[in-house]
Amino acid sequence: MTAATHSTLFPQVPETADAVLDGLDPEQREVALALTGPVCVLAGAGTGKTRAITHRIAYGVRSGRLQPASVLAVTFTNRAAGEMRGRLRQLGAGGVQARTFHSAALRQLQFFWPKAVGGDLPRLLERKIQLVADAAARCRVRLDRNELRDVTGEIEWAKVTQTVPADYPAIVAKAHRDAPRDPAEISQIYAMYEQLKRDRSVIDFEDVLLLTVGILQDRHDIADQIRSQYQHFVVDEYQDVSPLQQRLLDLWLGDRDNLCVVGDASQTIYSFTGATPDHLLNFRTRHPGATVVKLVRDYRSTPQVVHLANGLLGQARGRAAEHRLELISQRDPGPGPVYTEYADEPTEAEGTARRIRDLIAAGVPAGEIAVLYRINAQSEVYEQALADAGVPYQLRGAERFFERQEVREAGIALRGAARAGGNDSLLDDAEDLPAQVRAVLSTKGWTSQPPSGSGAVRDRWESLAALVRLAEDFARARSGATLSDLVAELDERAAAQHAPTVQGVTLASLHSAKGLEWDAVFLVGLTEGMMPITYAKTDEQVEEERRLLYVGVTRARLHLTLSWALSRSPGGRASRRPSRFLKGLRPGSGSLGTVAPGGSGSFERGAAGRRKPRGPVLCRVCGATLTEAGAMKLMRCEDCPSDMDEGLYERLRDWRAEQARELGQPAYCVFTDKTLMAIAERVPGTGGELSSISGVGARKLDRFGADVLAICAGEDGGTGLDDS
């Protein structure tokens with residue numbers, strides 16, 4: 001699912017250039033009016049930076065001072081570029097190019113390659129990890145899966161910092177960078193990787209930038225041609241620019257200075273990819289006459305959330321901290337942050353799921369809730385807990401909205417109905433556009449009431465419901481709009497990847513949450529060793545971890561919960577400590593000075609719920625202490641021999657598939673694969689034995705217990721559903 005966007009409304013296109021400026025605060029208006037020369041916008045989280053720069057471009061275009069085709073706006077993700085294109089279109093400046101660095105460079109490279117080099121551009125390598133594996137094998141270096149991923153990341157870092165293979169060991173030593181393997185080995189693999197690319201006539205994403213830079217440096221005629229087209233440049237998230245991207249930007253600019261950059265050094269969290277805030281912090285040195293505007297009015301978060309965010313940065317050190325922005329909330333007061341301490345990680349996940357269920361019951365949409373963690377490996381226990389609680393969720397980075405099967409089918413149906421017009425009997429009783437859309441989508445599974453439960457059927461309904469809401473917003477904003485107009489709007493949104501809201505709690509890493517926001521945010525696993533991460537050794541690395549937590553805090557609009565667990569597994573030694581970044585912020589850990597309206601938050605100790613204290617969980621095969629959630633569920637190490645009844649496991653899977661179909665839920669909401677494996681290994685004969693298996697709670701025991709015990713006894717399971 002896609003992460004939720006806050007609004008699907010369609011504002012009216014401003015009638016005049018001056019109308020573009022309506023609704024901007026004084027600082028945003030100053031940005032919009034600064035159309036020439038170097039401009040540096042220092043924009044804190046939630047201060048409307050995208051609003052400011054899109055209105056700046058639109059005002060320039062609508063007033064005739066900027067030609068749409070002469071403006072190139074660049075950012076770092078396809079989602080951000082798509083959002084920028086969508087906003088510009090709504091402001092009447094649809095002809096402006098808004099792209100990622102790679103997309104803009106690839107477009108230029110494809111166009112000029114035949115002229116500069118001759119022949120066709122080499123094939124673009126979508127994923128480089130297999131080629132890195134081949135290179136390592138050629139060098140007779142054995143890498144496991146994690147090492148392979150890390151070495152691939154190192155090669156990417158080396159390329160964006162313009163480090164060649166021979167120089168890699170010396171540059172790593174100079175930068176005090178922790179290499180995942182011996183730098184000499186990585187240098188060797190890196191060199192072989194480059195050789196294999198040449199042999200196979202392929203290029204990678206970093207090559208797109210490197211080759212474009214090379215052509216612009218060597219071919220002044222091509223550089224002049226690009227500069228004659230693009231006269232004005234806007235760079236969003238400028239704190240994330242790498243040395244290679246900055247070099248490309250310099251070549252695009254030439255000797256001109258019509259450049260507007262937007263960024264926040266306190267949100268620099270991608271230094272491991274080569275990003276550096278130095279270009280942002282040095283902007284005024286390179287451009288002494290630059291216009292500098294600071295955006296500090298926070299329209300996203302309540303004073304309580306902003307107070308915590310400011311407090312985090314107030315303890316920061318280093319050059320980025322010296323340029324931190326003190327945010328000022330523009331919202332009404334809300335609840336204080338909640339700090340919760342749990343005994344162990346599974347209890348933390350269960351407690352988080354219960355709180356989320358309560359928020360949804362209180363009216364907070366599931367799509368406006370997020371659980372954010374430091375590393376992706378933390379997601380499994382939260383997926384399990386939310387599934388057990390019957391809460392729909394979405395993993396950040398999953399299938400894009402407009403690529404879903406049901407959305408594609410809906411688009412075809414709507415396009416067909418638009419072509420048929422009044423000849424489609426489906427539309428006979430539909431008086432307006434939303435009614436027409438509802439009529440068409442009812443043939444694809446949309447109903448006025450959502451299906452019960454979560455899962456595949458609910459996911460499909462949510463996708464169609466998002467299209468219905470989009471049609472309603474579109475009709476309100478565009479009086480007299482037709483079905484053909486809506487289809488055109490959907491096509492433009494699909495091209496821009498500007499998806500409507502889909503419901504489901506978002507599970508995401510802190511890094512992937514950058515640029516997003518939700519009504520309620522749960523920051524979990526905030527212990528020493530995880531936040532900051534254990535391999536953050538230097539002061540600079542620790543400060544980046546603090547900034548990462550700051551990004552997490554500033555994703556929340558209203559509700560914010562921060563939690564940690566004292567041990568990894570139930571019965572484990574309570575040896576963990578909450579993150580050092582919370583000292584002086586959470587109640588009882590010192591004072592921050594002035595308290596925000598509503599207090600500085602509350603501290604709780606998470607209730608254990610049905611989980612009873614117990615000793616360490618031991619492998620029933622070798623006796624080793626188990627720490628991984630999956631291993632604890634199986635009561636054995638993952639690599640210890642299994643005595644699972646394969647036939648029973650397959651019968652349980654067949655039964656689960658039938659339950660999922662009848663409930664309209666994905667299979668994992670009945671029981672996960674690991675739970676079925678544990679049942680097939682232990683073959684419970686009583687309800688007590690079944691309930692002792694992790695993943696079989698009281699609710700599932702009541703609902704499915706009789707069926708499962710019957711299958712384990714060799715009988716056929718019934719429906720397992722309540723008679724009502």
Side-chain angles (χ1 to χ4, degrees), residues 35-40 53 57 60-61 65-76 81 84-85 95-124 158-164 194 197-198 201 203-238 240-263 274-276 278-280 282-283 285-290:
L35 292 176
T36 58
V39 179
C40 180
I53 59 175
I57 295 170
V61 169
R65 297 173 63 183
L66 301 179
Q67 294 302 311
S70 73
V71 181
L72 177 60
V74 288
T75 186
F76 286 83
M84 193 178 294
R85 287 193 296 271
V96 173
Q97 291 289 320
R99 297 180 173 274
T100 64
F101 270 99
H102 283 89
S103 172
L106 180 60
R107 196 161 179 257
Q108 295 172 13
L109 195 61
Q110 289 170 331
F111 184 81
F112 289 110
W113 184 268
K115 178 179 179 180
V117 181
D120 295 328
L121 181 70
R123 179 174 61 86
L124 182 62
K159 297 187 74 167
V160 300
T161 56
Q162 303 176 84
T163 302
V164 298
E194 293 296 317
K197 280 199 296 134
R198 289 190 290 271
S201 297
I203 59 174
D204 60 28
F205 277 101
E206 290 72 39
D207 290 330
V208 170
L209 301 185
L210 285 164
L211 291 169
T212 305
V213 165
I215 288 175
L216 295 182
Q217 285 179 161
D218 295 342
R219 292 291 298 269
H220 298 293
D221 57 331
I222 293 176
D224 288 342
Q225 190 172 340
I226 289 176
R227 290 168 192 159
S228 68
Q229 177 178 353
Y230 295 118
Q231 307 290 324
H232 301 270
F233 295 86
V234 178
V235 184
D236 192 14
E237 304 287 4
Y238 193 56
D240 291 332
V241 166
S242 70
L244 179 56
Q245 288 164 333
Q246 181 62 48
R247 180 62 186 140
L248 177 58
L249 180 60
D250 289 340
L251 287 165
W252 281 341
L253 274 167
D255 58 2
R256 300 164 301 169
D257 63 359
N258 280 329
L259 170 65
C260 175
V261 301
V262 189
T276 170
D278 289 346
H279 304 296
L280 175 66
N282 294 336
F283 191 84
T285 302
R286 293 186 64 188
H287 304 278

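Model, not experiment: these values are computed from the prediction.
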Worksheet item: Any sub-3.5 Å donor-acceptor pair from Arg256's side-chain atoms to Leu253's backbone N or O?
Response: yes
Fill in: His279: ring-ring contact (aromatic ring centres under 6.0 Å, His included) partners, not counting sequence neighbours
none
Fill in: Gap separating the CZ atom of Phe112 from the CG atom of Leu216, nearest 0.5 angstrom
8.0 Å
Discussion item. side-chain contact (heavy atoms from CB on, under 4.5 Å) for His102 and Leu209? Distances and angles first, verdict last.
Written reply: CA-CA 7 Å; His102 283 89; Leu209 301 185; 3.7 Å; yes
Discussion item. A side-chain contact here means heavy atoms from C-beta on lying under 4.5 Å apart; do Lys197 and Asp204 qualify?
Written reply: yes
Practice prompt. Output the distance between atom NZ (Lys159) and atom OG (Ser242), rounded to the nearest 0.5 Å.
Written response: 12.5 Å
Practice prompt. Starting at CG of Leu248, measure out to CG of Leu211 and round the result to the nearest 0.5 Å.
Written response: 11.5 Å
Worksheet item: To the nearest 0.5 Å, how far apart are NE2 in His220 and CG in Leu251?
Response: 10.0 Å
Worksheet entry | Set of residues satisfying side-chain hydrogen bond (donor to acceptor under 3.5 Å, both in side chains) with respect to Ser70, sequence neighbours excluded | none
Item to complete: Decide yes or no on side-chain contact (heavy atoms from CB on, under 4.5 Å) for Leu72 and Gln229, but give the supporting numbers first.
Response: CA-CA 9 Å; Leu72 177 60; Gln229 177 178 353; over 6 Å; no
Item to complete: Decide yes or no on side-chain contact (heavy atoms from CB on, under 4.5 Å) for Val208 and Phe101, but give the supporting numbers first.
Response: CA-CA 10 Å; Val208 170; Phe101 270 99; over 6 Å; no
Practice prompt. Using modelled atom types only, decide if a donor and an acceptor are shared between the side chain of Asp207 and the backbone of Leu210 within a distance under 3.5 Å.
Written response: no
Item to complete: For side-chain contact (heavy atoms from CB on, under 4.5 Å), just list the numbers for Leu249 and Leu259, CA-CA rounded to whole Å, side-chain angles, deciding distance to a tenth of an Å, and then say yes or no.
Response: CA-CA 10 Å; Leu249 180 60; Leu259 170 65; 4.3 Å; yes
Worksheet item: Distance from Phe111 atom CZ to Ile222 atom CD1, nearest 0.5 Å?
Response: 9.5 Å
Item to complete: Go through the side-chain N and O atoms of Gln246 and Tyr238 and say whether any donor and acceptor fall under 3.5 Å apart.
Response: yes
Worksheet item: Under 4.5 Å between any side-chain heavy atoms of Leu124 and Phe205, yes or no?
Response: yes
Worksheet item: Can you name the nearest heavy-atom pair linking Phe283 to Ala290, along with the distance?
Response: CE2-CB, 3.8 Å
Fill in: Donor on one side chain, acceptor on other, Asp221 and Gln225, under 3.5 Å
no
Practice prompt. Report yes if some heavy atom in the side chain of Arg65 is under 4.5 Å from a heavy atom in the side chain of His232; otherwise report no.
Written response: no
Response to the item:
So CH2 of Trp252 and CD of Gln245: to nearest 0.5 Å the spacing works out to 9.0 Å
Worksheet item: Closest heavy-atom contact between Arg227 and Gln231?
Response: O-NE2, 3.1 Å
